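Remember, predicted model here, so these are calculated numbers, not experimental data.
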Protein chains: 4
Amino acid sequence: MVALTAKARDARQVRSDDALRTALLSLIGHRAYDKLTVRDIVAEAGVGYATFFRHYPSKDALLDKVAGDELDELMALTAPLLTPADTRTSSLALTAHVGARREVWTALLAGGAASHLRVEFAKRAVKVARPDTVSPWLPMDLGVILGVSGTVEILAWWLRDKPETPSEMVAELLDRLVIKPAMDR
Amino acid sequence: MVALTAKARDARQVRSDDALRTALLSLIGHRAYDKLTVRDIVAEAGVGYATFFRHYPSKDALLDKVAGDELDELMALTAPLLTPADTRTSSLALTAHVGARREVWTALLAGGAASHLRVEFAKRAVKVARPDTVSPWLPMDLGVILGVSGTVEILAWWLRDKPETPSEMVAELLDRLVIKPAMDR
Amino acid sequence: MVALTAKARDARQVRSDDALRTALLSLIGHRAYDKLTVRDIVAEAGVGYATFFRHYPSKDALLDKVAGDELDELMALTAPLLTPADTRTSSLALTAHVGARREVWTALLAGGAASHLRVEFAKRAVKVARPDTVSPWLPMDLGVILGVSGTVEILAWWLRDKPETPSEMVAELLDRLVIKPAMDR
Amino acid sequence: MVALTAKARDARQVRSDDALRTALLSLIGHRAYDKLTVRDIVAEAGVGYATFFRHYPSKDALLDKVAGDELDELMALTAPLLTPADTRTSSLALTAHVGARREVWTALLAGGAASHLRVEFAKRAVKVARPDTVSPWLPMDLGVILGVSGTVEILAWWLRDKPETPSEMVAELLDRLVIKPAMDR
DNA sequence: CTCTAATCGAGACGGTACGTCGCGTCTTACG
DNA sequence: CGTAAGACGCGACGTACCGTCTCGATTAGAG
């Protein structure tokens, strides 16, 4: 049995935290992230103003947390599959997951949050990047940047402009335009 | 016959406008764009606060103007060269020009202005995009998005992380990672 | 049963409000009211700028409140005494009270606030004016105007030019020059 | 032949000056004096903005000039008639003159300019005040103040509230309520 | 009847104060 | 006795006028 050392959190804390995260995602779907105020969020969450700051030091911190969790889930699914031999499987896993959580990802990629997402995405991508996954002539840091950027742009285009496109076709585009070019030798 | 160059403006207007644009570029190099206030800009420009709004309705409008002008110059040089047959020439023209105006582009690509630049860039790119410059299997709007995004990311990486890289090598990367994949059939 | 004295307000509100009112009175003594800025007042009060507007919609509103309260107190003392038979008692009550609160009244009557005071004074005077207190040949509204105006002028002259004059003598002047002429038949 | 010594002014100056004075009087009839901007006045006058300041150092200066001229005319007519023996003649001259220039005086007495008028009026009144025109028990400066104030109030009431009242009746009120009480011994 | 200097219109400019808004802290009263 | 409600200090916003100034265009009136 594992002694759950860390933080045994008050039930109310969990409730407030959930409310805040849900409220952010809900609001970001209808309004630009930077036109959103902390007061909007707490009103939507049905939570006291000061309570927000007991959970997050700023609006950005909440966004980073929400986006970060979502990205962690995504990375856990796709990164292990990423081998030079079969990039298609990884691409498909990615688009399938995003397609399944469409609402959340639409909110994150629209409404001005995309740039925050990009940063969080890049942080995680550098951790899993291995030298053998990019071509020798391509500096690895640039490879990561382009991989993240291309992925974000394709997903945003998909969810924003062509939501009917099946995830397999998006995976194909992702593989062909972003992954493959970086692995070409 | 005198070539009446459009609007003959008061000399003071020109002076203030120049001061504002220069100030923005100068400040953006040292501080994040969104941590910049209009008051910072006018202080740097040595111009009265209200004068800012006589020239631009907002901080964003000034940035868009500055970035837009720079982009217009860039597009004028590179777009005419963009043919499917010889994309390398166009890439080289682009990186050479950016390298020549290194300070300005460094300022625009660092400091949080990159997302604004991306938007302005895309506006101009859709105007020059022709069906024969992207593959049939690639929706043209997505092609433009990825072209712009990839270009911005590579330039930002170059100027920020590897300023010593010769422009020819950057052009090679640009061509291979961004242009070619979109033209592949 | 607890006598709930109307609106039980936050202690901070009371503190800020007091500070603002005191600051206005203090500043108005040294500088013309219309040369006074809201920023001056909040600086004197040791209160944030925005806080001013959380209490009053404008500088005038604060003055009207301060002057109004002072006038309410004055009217409560003098109006009941105002009978055609014995106007002297009323006049004396008035000058005695003003003399007792000399600093406040000096501030209100000097420094350009007199015209505001006049208006507030008139509002209250019309409420207590009774037909039998002015002569038949004198329209009552004009009677009120002249009564108020004359009173204000005499008080201002007293406090500004002849502060040593005893209140009894001022009451005599007030009665003879302002009250009596309007009651003469 | 009269040698026009003084300033032989440029015809354009005279035109601009007239336009400004007329514009002020015209505007003051419809809007409160202190809600009036210099730009409003020059727009109404059809005169350039800077031109205003070539004629008057401030908005107040223009008002004082306009009001002052009007008062000079009034004083020239009424002051000579002011004798203890026959104050009625003087009162009548005053109300008759104001009635004849009704529009101008209405503008000056309404619209917040009354307090400026009061000051200018008082300046002129102290110059013509003679000891024998006020009672011994009444300090002369207070006599002047009350005379001016009462006159202004009565005129304002007349023009604002009871414009149909014949000037003779106003003169009667003025004499009985303002002049006589100050001369009573 | 011309020429020249005064005057003008137009309006940009540096300032100052306005009143609003949102932030993040801190207090207060209530349940 | 903890928490929501919200007052507060702060500081940027964008607006409105102020009074100064620069700029050509025009126009009076002296020669």
Under 4.0 Å, counting only non-hydrogen atoms across every strand here, what does V47(A) touch: a base, just sugar-phosphate, or nothing? nothing
Mapping V38(D) and S16(C) onto DNA chain F by nearest heavy atom, which one lands closer to the 5' end? S16(C)
Closest to the 5' end of DNA chain F, once K35(D) and S58(B) are matched to their nearest nucleotides, is S58(B)
Can you see whether R54(C) engages T51(C) through a side-chain donor-acceptor pair at a distance of less than 3.5 angstrom? yes
Looking at every strand, decide which applies to G46(A) at a 4.0 Å heavy-atom threshold: base, sugar-phosphate, or nothing. nothing
Given axes from five pairs at either end, by how many degrees does the helix from dC1(E)-dG31(F) to dG31(E)-dC1(F) bend, rounded to 10°? 30°
N/O (side chain, T51(B)) to phosphate O (OP1/OP2, dA12(E)) under 4.0 Å: no
Can a side-chain donor-acceptor contact be found between D17(D) and Y56(D) if the only test is distance below 3.5 angstrom? yes
Contact list (N/O, under 3.5 angstrom) for nucleotides 21-25 of chain F vs protein:
residue : atom : partner : partner atom : Å
dT22(F) : O2   : R12(B)  : NH2          : 3.4

Salt bridge check: are D40(C) and R31(C) linked by an N-O gap of less than 4.0 Å? yes
Donor-acceptor contact below 3.5 Å, side chain S16(B) vs main chain R12(B): yes
Hey, is the side chain of H55(B) poking within less than 4.0 Å of OP1 or OP2 on dA12(E), counting only N and O atoms? no
Please check the phosphate of dA12(F) (OP1 and OP2 only) for any side-chain N or O of T37(B) closer than 4.0 Å. no
